[in-house]
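First listed ligand is number 1; within each ligand, the first listed atom is number 1.
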Amino acid sequence: TRFMTGFSSSLASVSSQLRGVVGLEIHAQIHATSKLFACSRVAFCSPPNSSVAFLDASLPGTLPVLNRRCVEAAVITGLALNCTINRKSLFDRKHYFYADMPAGYQITQQRLPIAVNGSLIYSYFGGRKRNQVLSRCVRIKQIQLEQDSGKSLHDDQRSQTLIDLNRAGVGLMELVMEADMSCGDEAAAAVRELQLILQTLGTCQGNMSEGQLRVDANVSVHCPGEPLGVRTEVKNINSARYVARAIDYEIQRQKKVLENGGIIVNETRAFDSKSGFMPEPNLPPLFVYEDEASVPAGVNPTQVVMIDRLKAELPELPGVRRARMVDQYKILPEHSFTLVNEDGLTEYFERVVRNTKAEPRKVIGWVMKELLGNLNQQSLKLAQSPVSPEALADLLNVLESGHISSSAAKVVFQEMWKAPEKAVEQLVKELDLGLVSDREKLLKICQKVVDTHPEQV
Ligand SMILES: *[C@@H]1O[C@H](CO)[C@@H](O)[C@H](O)[C@H]1NC(C)=O
Ligand SMILES: *[C@@H]1O[C@H](CO)[C@@H](O)[C@H](O)[C@H]1NC(C)=O
Ligand SMILES: *[C@@H]1O[C@H](CO)[C@@H](O)[C@H](O)[C@H]1NC(C)=O
Ligand SMILES: *[C@@H]1O[C@H](CO)[C@@H](O)[C@H](O)[C@H]1NC(C)=O
Ligand SMILES: *[C@@H]1O[C@H](CO)[C@@H](O)[C@H](O)[C@H]1NC(C)=O
Ligand SMILES: CC(=O)N[C@H]1CO[C@H](CO)[C@@H](O)[C@@H]1O
């Protein structure tokens, strides 16, 4: 849905230099067993209203209790995105009326969010032929903790709207990015990189079609050096490909309007105009601590979030991993993207490398072509590969020893795929693919071929 209201712009005269300006707000559902302020389970695809605590339905007398896992997830995400973690943050009530928000307000972090001033480095294939790896950086303004709303299910046939409160109160991280992007490709690449980072951290499962990651975009156009144009908002985009398409469509539309002497109009969402914030009276300020030494006396250290501990447990992030792959194994940057994008593929590749004498650059060729080729052809996940990394390493060792040719090795690979229980040596023997280096033997074989093909001779 696109929302607009009236506001004028004076850019029409210089329309040919118009550039897009894109800012994103991303809602990421926190991967946790229970909700942000209640013990009800976070459950996808379960029957409506089967996972609703009294607090989620806003029954009188219920009070929020903060889920530490959600705070940790926000801190971990903030650290991975180079944010400053605010040692003290606050919760507010954002008031608006909507049927799937029984309390009439959302608990969010408006005045003082948990993390601020970060950055996300992302890359994408750009340039004329879309074959150059371009690297960009987008600033993260803030990450705030907040509650998700329930879900309205519209039944058009009976003109009814049904409410499912399973999602009400699920923990969200709202990530606000500065308007540092200029087109749909950049925005989509930033979203994909963020998705990969969240999945690597385990703080959000990132499935966009299930709404675990939802994207809103602010789009405007202006001439570089001039004030920003009037923006329109594209909301609730639920696939990375559609992020690119929706944004580019909107940039083109605005350019056309301005080129034709028109004006861009903005619109405030209905609930925004009536929204108001007040401090959440039932939640004290949230404190997180640098380390054990900074926890004040009288506070139980097992009950608090400590930044140094979370920092120590951060996994290798996608950007760091890609750089290491290129650096350590001398593989192409394109290949490092494929390795990191496919769950478990880096581990597979490194296990092959550890077990074979073959050069990593040779190994990557087999992984990209033979392994991924077969997996894609049969729509299998990596975990379902019949050929283990060790078996592939065995094959590459036999190839390296000069015992079989590389075309024979490919035949053996296909046989291993069909009969994973057989060892490489056994398959080479069964298929009679071993290279013959005995001169007498070769002479006999050649003679036989010549004798049996008089016409060709
Ligand atoms: C974040 O950046 C803003 C703008 O540069 C600055 O005013 C603010 O002090 C920064 N906050 C922290 C916690 O570093
Ligand atoms: C975070 O900062 C470090 C050092 O300042 C830098 O090497 C790294 O690339 C940054 N990461 C992101 C995601 O911006
Ligand atoms: C779910 O619970 C809410 C609050 O009690 C109720 O209004 C709604 O009708 C219920 N939805 C369904 C599908 O039962
Ligand atoms: C994401 O969710 C959709 C819808 O439930 C499902 O079909 C798809 O397999 C999921 N994707 C992943 C990568 O789990
Ligand atoms: C768009 O800009 C407005 C005003 O700065 C802001 O309130 C809103 O959150 C922004 N939305 C997105 C998607 O960046
Ligand atoms: C969302 C947004 O930018 N809304 C603006 C639209 O224009 C009016 C003025 O006509 C502003 O008051 C709103 O803030």
Side-chain angles (χ1 to χ4, degrees), residues 1-5 7 20-27 29 31 40 43-60 62 94 98-104 108 110 113 138-142 144 146 149-155 158 160-169 174-181 187 190-192 195-196 198-199 204-220 227-240 243 246-247 250 266-269 271-273 275 277 341-344 379 381-383:
T1 328
R2 211 175 50 227
F3 299 87
M4 290 174 281
T5 58
F7 204 82
V21 176
V22 181
L24 299 179
E25 257 174 36
I26 297 170
H27 287 95
Q29 280 185 337
H31 184 35
S40 41
F44 294 100
C45 308
S46 41
N49 281 354
S50 60
S51 187
V52 183
F54 291 148
L55 181 88
D56 304 329
S58 195
L59 295 195
T62 53
K94 179 183 181 181
Y98 209 79
D100 55 23
M101 175 70 72
T108 178
Q110 164 73 9
V138 54
R139 288 167 299 156
I140 309 279
K141 184 163 174 255
Q142 65 186 56
Q144 66 198 45
E146 60 184 37
S149 62
K151 231 181 202 169
S152 304
L153 310 161
H154 303 290
D155 181 347
R158 275 177 285 181
Q160 280 183 336
T161 294
L162 301 169
I163 306 292
D164 174 11
L165 292 181
N166 284 349
R167 202 180 67 178
E174 178 179 316
L175 295 104
V176 182
M177 294 183 181
E178 301 283 3
D180 293 340
M181 291 157 286
V191 169
R192 283 205 191 91
Q195 183 183 34
L196 202 54
L198 297 177
Q199 287 169 336
C204 169
Q205 290 178 295
N207 187 325
M208 293 186 78
S209 50
E210 281 196 357
Q212 292 165 349
L213 204 62
R214 310 193 287 268
V215 178
D216 297 345
N218 267 349
V219 180
S220 65
L228 294 183
V230 171
R231 63 178 168 264
T232 58
E233 212 172 2
V234 188
K235 294 193 63 77
N236 266 324
I237 314 175
N238 63 0
S239 93
V243 167
I247 289 171
E250 184 55 22
N266 75 17
E267 180 161 318
T268 315
R269 283 131 74 201
F271 67 78
D272 262 354
S273 58
S275 77
F277 287 93
N341 284 347
E342 184 84 32
D343 194 21
S379 307
K381 291 218 168 82
L382 179 63

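By heavy-atom distance, the residue among Lys141, Glu178, Arg231 lying nearest atom 4 (C) of ligand 5 is Arg231. Nearest residue to atom 11 (N) of ligand 3 from Ile163, Asp56, Thr161, Asp100 is Ile163 (criterion: closest heavy atom).
At a 4.0 Å cut-off, not a single heavy atom of Leu162 sits close enough to ligand 3 to count as contact. Not a single heavy atom of Met177 lies less than 4.0 angstrom from ligand 5.
Checked by atom type, the side-chain pair Thr232/Glu250 shows a donor-acceptor distance below 3.5 Å. His31 and Gln212 share no side-chain donor-acceptor pair at under 3.5 Å. Side chains of Ser220 and Asn218: a donor-acceptor N/O pair is absent below 3.5 angstrom, by distance only. Side-chain atoms of Asp100 and Ser152 form a donor-acceptor pair, as typed in the model, at a separation below 3.5 Å.
In terms of heavy atoms, Ala217 sits closest to Ile237 at CB-CD1, 4.5 Å.
Residue Asp164 places no N or O, backbone or side chain, under 3.5 Å from any N or O of ligand 3. Looking at ligand 5, you won't find any N or O of Asp216 less than 3.5 Å from one of its N or O atoms.
Salt-bridge annotation for Lys235 and Asp216: present, with a side-chain N of the basic residue lying under 4.0 Å from a carboxylate O of the acidic one.
Per-atom contact check: atom 7 (O) of ligand 4 does not touch the protein, criterion being a heavy-atom distance below 4.0 Å. Within the 4.0 Å cut-off (strictly below), no protein heavy atom is located near atom 13 (C) of ligand 4.
The single protein non-hydrogen atom nearest to atom 1 (C) of ligand 4 is Asn207 ND2, 1.4 Å, given as residue, atom name and distance. At the shortest separation from atom 3 (C) of ligand 4 among protein heavy atoms lies Ser209 OG, 3.5 Å. Atom 10 (C) of ligand 3 has as its closest protein heavy atom Asn49 ND2, 2.4 Å.
Atom numbering of ligand 4 starts at 1 in the shown order; those under 4.0 Å from a heavy atom of Glu210 are 2 (O), 4 (C), 5 (O). Taking every heavy atom of Ala217 and a limit of under 4.0 angstrom, the matching atoms of ligand 5 come to 13 (C).
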message = The test is side-chain contact (heavy atoms from CB on, under 4.5 Å); show your working for Met181 and Val138 and say whether it passes.
response = CA-CA 7 Å; Met181 291 157 286; Val138 54; 3.8 Å; yes
message = Go through it in stages, so that I can follow the logic: the residues are Thr161 and Leu153, the test is side-chain contact (heavy atoms from CB on, under 4.5 Å), and I'd like the CA-CA distance, side-chain angles, deciding distance and then a yes or no.
response = CA-CA 6 Å; Thr161 294; Leu153 310 161; over 6 Å; no
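The number of heavy atoms from other shown groups lying within 6.0 Å of CG (Asn207) is above 12.
When non-hydrogen atoms are compared, ligand 5 lies under 4.0 Å from neither the backbone nor the side chain of Ala179.
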